[in-house]
Amino acid sequence: MKLKDIIGSLSLNVLTNLDDKEVTGVYISDMLSDVMSNAKAGNLWVTIQTHKNIVAAANLIDISAVIVTQGTRVPEETIDLANRYNVIIISTNDSTFALSGKLYQIGIK
Amino acid sequence: MPVTAKYIVEVKRIQEILNAKTWVSNISDSDYITGIYASDLMSDVLAYGKPGSMLLTGLYSVQAIISAYMAEFRGVAFIRNKTPEEETLKFAREKGMFVLSTASDMYDACIKLAGLETVIPEEAPEAEKIHKSDNLTTYTFKIDGNDFASAGMVSTRVKAILKSIGYEPEIIRRAAISIYEAEMNVVMHARKAEVTLTASDKEIYIIVIDEGKGIGDIDLAMQEGYSTATEEQRALGFGAGMGLPNIKKNADKLDINSVVDVGTRIEITFHIK
């Protein structure tokens, strides 16, 4: 599924520059090693972490986009770094659980 | 218009991409560049060029290579297939610089070089030194303990280097994950460390030597979930107790030596199939 379609159908807020990418699935975790170990290239990464290091992690394993849940404010420096590395960060007011349900409903399995 | 980009690229790759003719080679220390600067105005080169770069220019006089030398560039690539002057070649030979020429015009050459997937973000740390011999490239980096703000930058740089060398995505991913975990361990548990990356056509070999508190019980540290990270570090998502197990899972070989209150030495090897 295309990232832009997901963003459109769930009305997510894009905080960084946006390229359209193919989304291969979803990985949910707030532990960075867990993401590094188990998320696959092209996955959406759903988390509440917002510090700069998420950009390095997402870039290293080619995450399609990071979705920050619960309306957590993402620091400016994280967004700046993400733009520099072409990492896409998206935010939503939904909880991780609520967002997961919606992602599943629109057909990401 | 001057155009700058930050790269760390083997000159060999530039030669391939531009289908360039090599006039002066000087392979030993000059066979990689850390930037490209495209300009026909030599005062621009002197004002804005960064040491270690390559000059891409349509200015054919000997002033081009002299300016490049003054700006501490590694070499020059002339566009539109111009034959460099003998004086230019002589200067390059004396100063250990390379000289290339390409049939591309400036726009075409810039587009081709911009297509390299090796752009290094400006914030990434510079490799400390680079040694190169037959099919073997070595890079070293420093990591500071407790520097969470730049944590992950060395791994990011390593990934870009491995990508530029042209390894398979699968091995790059495994190496990137491993070095990331090793880097985070240094940031969390050590005062500082030096990372050495050696890349050859047979293997990717990474050594991380830190000064820090060391690991008391390596078997315990290898167990998934075991961690000595602080609450604060865990709140940031670090210290899941998966670092060393993650490296072991991804590497073809992992060796750990540690002395409590002195430091830890981790050697990670990936075999190229």
Side-chain angles (χ1 to χ4, degrees), chain A residues 16-17 19 21-22 24-25 27-64 66-70 72-89 91 96, chain B residues 6 117 119-125 143 147-163 169-170 172-185 187-188 224-227 229 232-251:
Chain A
T16 56
N17 301 333
D19 305 318
K21 293 187 182 175
E22 189 65 33
T24 57
Y27 197 77
I28 302 176
S29 180
D30 298 320
M31 299 302 287
L32 284 104
S33 287
D34 179 30
V35 175
M36 294 301 287
S37 180
N38 298 313
K40 302 201 168 46
N43 279 183
L44 283 176
W45 171 21
V46 181
T47 186
I48 53 164
Q49 298 290 2
T50 57
H51 52 83
K52 274 168 79 179
N53 205 269
I54 62 171
V55 176
N59 178 49
L60 284 166
I61 56 171
D62 302 316
I63 289 292
S64 52
V66 182
I67 305 186
V68 175
T69 57
Q70 315 215 114
T72 314
R73 203 186 71 82
V74 180
E76 209 50 42
E77 55 175 24
T78 301
I79 295 169
D80 289 347
L81 195 64
N83 280 328
R84 196 167 306 156
Y85 285 74
N86 297 320
V87 168
I88 299 167
I89 302 180
S91 85
T96 297
Chain B
K6 284 214 91 182
E117 287 188 341
V119 179
I120 310 294
E122 295 209 356
E123 224 172 88
I143 304 172
D147 183 5
F148 281 90
S150 42
M153 293 298 120
V154 168
S155 332
T156 302
R157 183 64 181 271
V158 166
K159 185 189 179 189
I161 289 171
L162 296 177
K163 221 169 159 180
E170 184 265 345
I172 293 176
R173 180 186 165 87
R174 290 197 285 123
I177 292 171
S178 302
I179 183 116
Y180 175 81
E181 295 292 2
E183 184 179 2
M184 294 318 304
N185 280 345
V187 171
M188 282 192 286
E224 235 173 80
Y226 177 80
S227 174
E232 198 190 355
Q233 290 167 350
R234 284 170 209 242
L236 292 173
F238 303 112
M242 290 173 64
L244 290 174
N246 255 359
I247 300 176
K248 192 174 171 64
K249 198 169 101 184
N250 283 288

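Chain letters run A, B, ... following the sequence lines, proteins first, then strands; residues in each count from 1. Bear in mind the structure is a predicted one, so any value in this text is a computation, not a measurement.
- Listed here is the closest heavy atom pair of B:Met153 and A:Leu81: CE-CD2, 3.8 Å.
- Considering every non-hydrogen atom in both B:Ala240 and A:Met31, the closest pair reads CB-CE, 3.1 Å.
- Considering every non-hydrogen atom in both A:Asp34 and B:Met242, the closest pair reads CA-CE, 3.6 Å.
- Here B:Ala151 is the residue among B:Gly239, B:Pro245, B:Ala151, B:Gly241 with the most heavy-atom pairs under 4.5 Å with chain A.
- The two residues A:Ser33 and B:Gly243 make their nearest non-hydrogen contact at OG-N, 4.2 Å.
- The two atoms that bring A:Leu60 and B:Ala176 nearest to each other are CD2-CB, 3.7 Å, heavy atoms only.
- Around NZ of B:Lys248, the count of heavy atoms belonging to other residues, nucleotides or ligands within 6.0 Å does not exceed 12.
- If you take NZ on B:Lys159 and CG on A:Asn59, they are separated by 5.0 Å, rounding to the nearest 0.5 Å.
- For the atom pair B:Gln233 CD and A:Leu32 CG, the distance stands at 12.5 Å (nearest 0.5 Å).
- Around atom CD of B:Glu232, no more than 12 heavy atoms belonging to other residues, nucleotides or ligands sit under 6.0 Å away.
- Interface summary for chain B: among A:Asp30, A:Thr50, A:Ile61, the most heavy-atom pairs under 4.5 angstrom belong to A:Ile61.
- The main-chain N or O of A:Met36 is never found under 3.5 Å from a side-chain atom of B:Asn246 such that the two would form a donor-acceptor pair.
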